[in-house]
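Mind having a look at this structure? Questions to follow.
Small disclaimer: the values here were computed from a predicted structure and weren't measured.
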Amino acid sequence: MRSTTTLAAGLAPAHRETLMDEAREAFFDAGARMFEEGRDADRFWIVRTGTVTLDLSVPALRPAMIDSLGPGELVGWSWHYPPRRWHLGAEAMSPVRAWEFDADAVRGRCAEDAVFGRAVATWVGNVVAHRLHAARVQLLDLYAPHGGGAPR
């Protein structure tokens with residue numbers, strides 16, 4: 001499932017080129033928070049080097065790590081869908097070099113070119129599906145009683 005979440009697997013070369021026209025370099029030190037759950041999602045990143053962890057707030061507990069992302073992975077999908085607020089948090093696990101994108105600019109490109117827009121929407125949708133699955137598995141591992149539950 002992970003393969004469709006990378007830039008190379010998620011977008012055709014022409015669409016990658018269009019997206020990369022909007023890229024600028026970004027750097028994060030290990031331990032730096034990239035974004036916080038619930039805040040405005042006005043940008044996104046594609047990891048070049050390093051590792052980013054995604055986490056989910058859990059009341060009365062520390063955030064649960066949901067997934068880790070490496071080179072080629074999209075960091076952040078909330079920018080694409082209203083209300084454009086982060087659904088997870090993200091932190092640089094190691095020093096991270098990334099391509100950063102302004103969400104308004106990319107959404108503008110999507111509106112101008114319907115084929116590009118559909119390609120981006122499909123890619124981002126695949127990322128959302130992957131992250132939902134990862135969150136479900138992680139939360140079941142953390143909070144489901146082991147061996148519990150009645151057989152179906």
**Report entry** Matching residue for F44 among F101, Y81, F35 - test: ring pair (Phe, Tyr, Trp, His ring centres under 6.0 Å)
**Finding:**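 Only match with F44 under ring pair (Phe, Tyr, Trp, His ring centres under 6.0 Å): F101.
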Query raised in the report: Near R39 CZ, under 6.0 Å, is it more than 12 heavy atoms from other residues, nucleotides or ligands?
Result: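 Not more than 12 within 6.0 Å, no.
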Query raised in the report: Do any N or O atoms from the side chain of T51 and from the backbone of M93 form a donor-acceptor pair under 3.5 angstrom?
Result: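 Flag not set: sc T51 to bb M93 has no pair under 3.5 Å.
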Requested in this report: Starting at CG of D104, measure out to CD of E22 and round the result to the nearest 0.5 Å.
Outcome: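 If we round to the nearest 0.5 Å, D104:CG and E22:CD are 11.0 Å apart.
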Requested in this report: Grab the two heavy atoms, one from L74 and one from R131, that are nearest each other, plus how far apart they are.
Outcome: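 Heavy atoms only, the tightest pair is O-NH2, 2.7 Å.
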Report task. Answer yes or no: is there a donor N or O on one side and an acceptor on the other, between the side chain of R109 and the main chain of F116, under 3.5 Å? Result ->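 Not confirmed, R109 side chain does not pair with F116 backbone.
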Query raised in the report: Taking side chain as C-beta onward, heavy atoms only, is V75 less than 4.5 Å from V96?
Result: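 No. Closest side-chain heavy atoms not under 4.5 Å.
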Query raised in the report: Got V128 and H87 here, is their nearest side-chain heavy-atom distance under 4.5 Å?
Result: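 The answer is no, as the side chains (C-beta and beyond) never meet within the 4.5 Å cut-off.
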Requested in this report: Determine whether more than 12 heavy atoms belonging to other residues, nucleotides or ligands lie under 6.0 Å from atom CZ of R136.
Outcome: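 For R136, atom CZ is not crowded (no more than 12 foreign heavy atoms under 6.0 Å).
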Query raised in the report: Okay, side chain of W86, backbone of D40: is any donor-acceptor separation there less than 3.5 Å?
Result: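 Answer holds: yes.
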Query raised in the report: Does the side-chain contact (heavy atoms from CB on, under 4.5 Å) test come out yes or no for W79 and V106, once each step is laid out?
Result: CA-CA 10 Å; W79 62 274; V106 174; 3.9 Å; yes
Requested in this report: Calculate, to the nearest 0.5 Å, the distance between atoms CD1 and CG belonging to I66 and L132 respectively.
Outcome: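 Spacing of CD1 (I66) from CG (L132) equals 10.0 Å.
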Requested in this report: Taking all non-hydrogen atoms of both residues into account, name the closest pair between G50 and P71 and its distance.
Outcome: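 Of all heavy-atom pairs spanning G50 and P71, the closest is O-CD, 3.8 Å.
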Report task. State the CZ-CG distance between R85 and D42, to the nearest 0.5 angstrom. Result ->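 Reported to 0.5 Å precision, the distance equals 10.5 Å.
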Query raised in the report: More than 12 non-hydrogen atoms from neighbouring residues, nucleotides or ligands closer than 6.0 Å to CD on E25, yes or no?
Result: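 Correct, the count exceeds 12.
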Requested in this report: Could you give me the CA-CA distance, side-chain angles and deciding distance for R43 and R24, then say whether side-chain contact (heavy atoms from CB on, under 4.5 Å) is met?
Outcome: CA-CA 11 Å; R43 64 197 67 241; R24 60 183 171 268; 3.2 Å; yes
**Report entry** Check: D67 and L88 side chains under 4.5 Å, non-hydrogen atoms
**Finding:**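 Not touching, per the 4.5 Å side-chain cut-off.
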Query - Heavy-atom side-chain contact between E100 and M34 under 4.5 Å - result: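 Heavy-atom side-chain distance check fails, nothing below 4.5 Å.
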**Report entry** Single-linkage hydrophobic cluster, 4.5 Å side-chain cutoff, V120 and M20 together
**Finding:**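 Both belong to a single hydrophobic cluster.
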**Report entry** Interatomic spacing from CZ in R97 to OG1 in T49 - rounded to 0.5 Å
**Finding:**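 Here the interatomic distance stands at 5.0 Å.
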Report task. Could you tell me whether the side chain of E73 reaches within less than 4.5 Å of the side chain of V127, counting heavy atoms only? Result ->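 Counting from C-beta outward, V127 and E73 never come under 4.5 Å.
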Query raised in the report: When rounded to the nearest 0.5 angstrom, what is the spacing between CG in L19 and NE2 in H15?
Result: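 Answer for the CG-NE2 pair, L19 versus H15, is 10.5 Å.
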Report task. Give the cluster check for L69 versus F27: same hydrophobic cluster or not, with ILVMFWY residues linked at side-chain heavy-atom distances below 4.5 Å. Result ->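 Looking at the clustering, F27 is in a separate group from L69.
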Query raised in the report: Side chains of L56 and E37: does their closest heavy-atom pair fall under 4.5 Å?
Result: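 Yes; the side chains approach each other to less than 4.5 Å.
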Report task. For the pair R16 (side chain) and L11 (backbone), establish whether a donor and an acceptor sit closer than 3.5 Å, ignoring hydrogens and angles. Result ->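 Yes; judged by distance alone, with no hydrogens or angles, the pair exists.
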Requested in this report: Can you measure from OG (S68) to CG (D55) and round to the nearest 0.5 angstrom?
Outcome: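 S68 atom OG to D55 atom CG measures 12.0 Å (nearest 0.5 Å).
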Requested in this report: Write down the atom of C110, the atom of G117, and the distance for their closest heavy-atom approach.
Outcome: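 Heavy-atom minimum between the residues: CB-CA, 3.7 Å.
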Query raised in the report: Is there a donor-acceptor contact under 3.5 Å from the side chain of R84 to the main chain of A41?
Result: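 The answer is no, because no donor-acceptor pair under 3.5 Å joins these two groups.
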